[in-house]
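As a basis for the values below, the full set of heavy atoms in this structure was taken, side chains included, without hydrogen atoms, waters or symmetry mates. Every chain is numbered from 1 and lettered A, B, ... according to where its sequence line falls, protein lines coming before strand lines.
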Amino acid sequence: MAEETKKEERSLNFLEEIIEEDLKNGKYKSIVTRFPPEPNGYLHMGHATSICLNFGLAQKYGGYTNLRFDDTNPVTEETEYVESIKEDIKWLGFQWENEHYASDYFDELYQFAVSLIKKGLAYVDDLTAEEIAEMKGTPTEPGKDSPYRNRKVEENLDLFERMKKGDFPDGTHTLRAKIDMAHTNMLMRDPLLYRIKHASHHQTGDKWCIYPMYDFAHGQSDSIENVTHSICTMEFVPHRELYDWLIEKLEIYPSHQYEFARRNLSYTVMSKRKLLQLVNEKYVDGWDDPRMPTISGMRRRGYTPESIRDFCDRVGIAKRENLTDLGLLEFCVREHLNKVALRRMVVFDPLKVVLTNYNEQPGETEMLTSENNPEEETATHRDIPFGKELYIEREDFMENPPKKFFRLAPGKMVRLKSAYIIRCDEVIKDANGHITELHCSYIPESQSGNDTSGISVKGTLHWVSLKHAITAELRLYDRLFKVEDPSKEEGDFKEYINPGSLQTIKAVYAEPALKNAKFDERYQFLRKGYFTLDKDSSTSGMIFNRTVTLKDSWKAGDSKAN
RNA sequence: UGCCUUGUAGUAUAAUGGUAGUACGACAGAUUCUGGCUCUGUAUGUCAGGGUUCGAAUCCUUGCAAGGCAACCA
């Protein structure tokens with residue numbers, strides 16, 4: 001009875017344990033989570049973790065997830081970001097139940113504030129930002145009460161209403177909770193609830209000139225939406241005490257906050273501030289530069305939503321600080337792409353091969369066939385033209401090869417993928433000793449699928465017919481930073497940018513089947529890596545982004561070292 | 001020198017008082033018409049000391065280390 005649901009017993013993470021406990025003891029019948037981005041930037045891998053967590057948990061336990069824009073600061077937030085955030089979530093494969101904005105609740109929030117004032121739990125302060133900071137004390141010293149702390153309820157009500165009406169300029173008044181200026185938790189030292197900002201809001205326009213602070217909006221919005229499990233990152237742990245205090249004093253639906261450690265990825269940076277710098281100072285091409293850890297960047301790079309979700313699953317969550325290996329993400333990308341990418345042959349750095357014993361009839365082309373993907377259950381194929389003159393990869397030939405070099409060398413044989421076995425007979429060089437072409441002979445009986453030659457070779461090379469090759473531009477991406485954790489290094493993080501993070505090859509030679517490349521297809525250029533068509537492609541030329549290289553267990557160093 | 005959080009192979013994450021496991025990575029091998037995929041094997045770990053217990057990664061205690069907290073940001 002119990003065995004049908006559990007394919008394999010995966011252990012629960014700490015949030016799943018909490019939720020299962022809550023469900024089991026009847027605290028909730030189903031759960032509600034939320035994804036609460038602030039619309040002031042693009043989503044990145046860290047957000048993807050949160051999205052997978054929040055939507056994944058709700059899915060697993062039969063609840064739902066709201067998308068809620070945490071838009072309480074009109075001066076930094078824009079509609080442009082709202083759209084990109086929604087697009088990114090959908091692309092990742094998730095659908096929210098309701099689309100909300102913290103700004104939808106401004107009226108209710110205002111009423112909450114009024115009720116707090118009436119209970120004598122909030123007051124209008126006339127102190128300046130500097131004075132408030134000064135009187136806040138330090139983590140080791142208590143703060144001092146504001147001289148306005150004990151105003152009468154009526155006076156507070158009147159002042160707060162006038163704040164709302166626009167009677168005061170920015171920064172002259174704030175609404176603060178009346179808690180304890182000597183509290184060991186700095187956030188409980190009469191935190192600000194409302195501030196005056198005569199600024200136009202992307203949703204509410206000029207209706208308001210006072211805006212609630214995060215602490216007076218987030219938990220309250222959770223409560224209004226009956227969010228059961230409000231999941232955020234560890235830096236909000238100290239906020240939980242205030243989160244609970246406000247809900248208790250307001251006597252509203254008790255949402256609960258749980259914290260997990262944000263995910264860090266090696267060889268990149270994740271803070272909005274740093275990513276913004278990379279964009280503004282032109283270290284990258286924009287928010288969707290394929291080297292960026294943004295969702296749009298990863299999408300353009302060719303990462304699939306499946307692989308990102310798989311990555312988030314495999315990494316899991318916990319509460320300790322972490323730096324996850326970028327290699328794991330790349331593994332997930334390769335694993336998925338291996339299953340879905342169409343195989344194509346592309347020569348990056350051509351070396352001409354002439355098959356001296358191959359007879360070519362004018363006007364006739366021998367067509368060979370090759371599978372699109374050996375992983376497919378039912379194989380599909382494409383045709384590839386063969387010819388007397390071919391290109392192979394220059395690095396696939398060595399005049400004086402080391403012992404374990406399985407590729408082409410004078411007198412040695414290799415197979416051309418899906419074609420014939422060839423033998424290198426002669427190396428042709430120019431006056432400078434530079435190799436210009438190879439003269440080879442092919443074994444007619446060795447044709448792929450009809451091989452009666454009895455010859456077995458160790459190496460197989462990719463190739464293209466010189467006459468039929470089409471050209472394309474390639475953008476080879478590598479990790480953005482040279483060091484594992486740029487933000488932990490001395491000095492400016494930008495000093496650690498990998499100068500070789502983008503290498504462009506203007507013209508490579510590809511088999512003609514690549515002419516029909518589509519934006520939503522993924523390709524494996526045989527023995528080279530996974531690629532996808534870039535949006536910069538035009539009718540005049542195709543441009544491919546390298547998503548990730550193939551795993552390469554052949555140590556070039558073994559041979560090149562000497 | 002206050003409060004909060006966290007310390008398990010290189011990395012990430014399990015074990016919830018009872019055999020320290022899994023994945024990625026590394027290394028070795030098999031297989032291969034991609035030096036890919038797949039398969040097999042190997043190495044590497046509980047921050048330190050003390051205590052409770054038949055038994056501690058787990059509970060207690062003292063240290064140590066890392067991170068967070070003093071924005072009218074979220």
Candidates A/K144, A/R149, A/K136, A/K178 - the one meeting salt bridge (charged side-chain N to carboxylate O under 4.0 Å, His left out) with A/D190: A/R149

Quiz item: A/E330 side-chain donor-acceptor pair to B/rG25 base, under 3.5 Å: no

From B/rG2, B/rC37, B/rA70, nucleotide with atom closest to A/T184 side chain: B/rG2

Sub-4.5 Å side-chain heavy-atom contact between A/N40 and A/N73: no

Below 4.0 Å: OP1/OP2 of B/rA70 and any side-chain N or O of A/K144: no

Whole-angstrom distance between B/rG25 and B/rU44, as gauged at atom C1': 12 Å

Sugar-phosphate, base or nothing in reach of A/R334, heavy atoms under 4.0 Å: nothing

Nucleotide B/rG35, atom P - distance to CZ of A/R415 in whole Å: 13 Å

Interatomic distance, A/I179 CD1 vs B/rC69 P [rounded to whole Å]: 19 Å

Donor-acceptor side-chain pairing of A/N372 and A/R344 below 3.5 angstrom: yes

B/rA20 versus B/rA56 - spacing of their P atoms, nearest Å: 11 Å

Nearest-neighbour nucleotide for the A/K197 side chain, B/rC73, B/rG2, B/rG35 considered: B/rC73

Length of the CG-P vector between A/N322 and B/rU6, whole Å: 14 Å

Between P of B/rG36 and CD of A/Q524, the distance in whole Å: 11 Å

A/E375 side-chain proximity, nearest of B/rC37, B/rC72, B/rC69: B/rC37

Atom P, compared across B/rA70 and B/rG18: separation rounded to whole Å: 40 Å

Interatomic spacing from CH2 in A/W245 to CG in A/L242 - rounded to 0.5 Å: 7.5 Å

Sugar-phosphate only, base, or nothing, as touched by A/L328 at under 4.0 Å among non-hydrogen atoms: sugar-phosphate

Residue A/V237, side-chain heavy atoms: nucleotide from B/rC4, B/rA14, B/rU11 that is nearest: B/rC4

Euclidean distance, atom CG of residue A/L461 to atom P of B/rC33 [Å, nearest integer]: 14 Å

A/N73 CG - B/rA74 P separation (whole Å): 5 Å

Which nucleotide in B/rA74, B/rG35, B/rC33 has an atom nearest any side-chain atom of A/F405: B/rG35

Short side-chain N/O contact from A/R527 to OP1 or OP2 of B/rC37, under 4.0 Å: no

Whichever of A/K319 and A/D215 has its nearest RNA chain B nucleotide further upstream toward 5': A/K319

Nearest-Å distance once atom P is located in both B/rC27 and B/rU32: 23 Å

From B/rA70, B/rU34, B/rG25, nucleotide with atom closest to A/K551 side chain: B/rG25

Which residue lies more 5' along RNA chain B, comparing A/Y214 with A/G449 via nearest heavy atoms: A/G449

Under-4.0 Å side-chain N/O to phosphate OP1/OP2 contact, A/R176 with B/rC72: no

Quiz item: A/R240 side-chain donor-acceptor pair to B/rU5 base, under 3.5 Å: no

Length of the line joining A/F168:CZ and B/rC72:C1', which is rounded to integer Å: 15 Å

Sugar-phosphate only, base, or nothing, as touched by A/R189 at under 4.0 Å among non-hydrogen atoms: nothing

Pairwise P distance, B/rG51 and B/rA14 [rounded to whole Å]: 31 Å

B/rU8: pairing nucleotide in any strand, Watson-Crick or G-U under 3.5 angstrom: none

Sugar-phosphate, base or nothing in reach of A/P374, heavy atoms under 4.0 Å: base

Sugar-phosphate only, base, or nothing, as touched by A/N185 at under 4.0 Å among non-hydrogen atoms: nothing

Distance in angstrom units between A/E77 CD and B/rC73 C1', rounded: 9 Å

Out of B/rC33, B/rC73, B/rA14, whichever nucleotide has its closest atom nearest the side chain of A/M213: B/rC73

Touch class at under 4.0 angstrom, heavy-atom based, for A/Q447 against every strand present: base

A/L193 side chain near A/D215 side chain, heavy-atom distance below 4.5 Å: no

Sugar-phosphate only, base, or nothing, as touched by A/Y211 at under 4.0 Å among non-hydrogen atoms: nothing

Sugar-phosphate only, base, or nothing, as touched by A/K339 at under 4.0 Å among non-hydrogen atoms: nothing

From A/L192 atom CG to A/L175 atom CG, the distance as rounded to the nearest 0.5 Å: 8.0 Å

Rounded P spacing from B/rU13 to B/rG7 in Å: 9 Å

Sugar-phosphate, base or nothing in reach of A/A318, heavy atoms under 4.0 Å: sugar-phosphate

Spacing of the C1' atoms in B/rC59 and B/rC69 (rounded, Å): 29 Å

N or O in side chain of A/T324 less than 4.0 angstrom from B/rC24 OP1/OP2: no

Nucleotide forming a Watson-Crick or wobble pair with B/rC39, both distances under 3.5 Å: B/rG29

Any N/O donor-acceptor pair, A/R320 side-chain to B/rG67 base, under 3.5 Å: no

Integer angstrom distance from the P of B/rU5 to that of B/rU61: 14 Å

Aromatic plane relationship, A/F386 with A/W463 - under 30° parallel, 30 to 60° tilted, over 60° perpendicular: perpendicular

Presence of A/R262 side-chain N/O under 4.0 Å of B/rG67 phosphate oxygens OP1/OP2: no

Residue-phosphate contact under 4.0 Å: A/S553 side-chain N/O, B/rG36 OP1/OP2: yes

Listed nucleotide nearest any side-chain atom of A/T72, set B/rA70, B/rG35, B/rA74: B/rA74

Closest listed nucleotide, where the reference is the side chain of A/K417 and the choices are B/rA74, B/rG35, B/rC33: B/rC33

Nucleotide paired to B/rA71 in any strand shown, Watson-Crick or G-U, under 3.5 Å: none

Touch class at under 4.0 angstrom, heavy-atom based, for A/L127 against every strand present: base

Distance test, side-chain N/O of A/R263 to OP1/OP2 of B/rA12, below 4.0 Å: no

Sugar-phosphate only, base, or nothing, as touched by A/I317 at under 4.0 Å among non-hydrogen atoms: sugar-phosphate

Spacing of CG belonging to A/D126 relative to OG belonging to A/S146, to within rounding of 0.5 Å: 7.5 Å

Close side-chain approach of A/E134 and A/L127, heavy atoms under 4.5 Å: no

Phosphate contact (B/rC73 OP1 or OP2) by A/R273 side-chain N/O below 4.0 Å: no

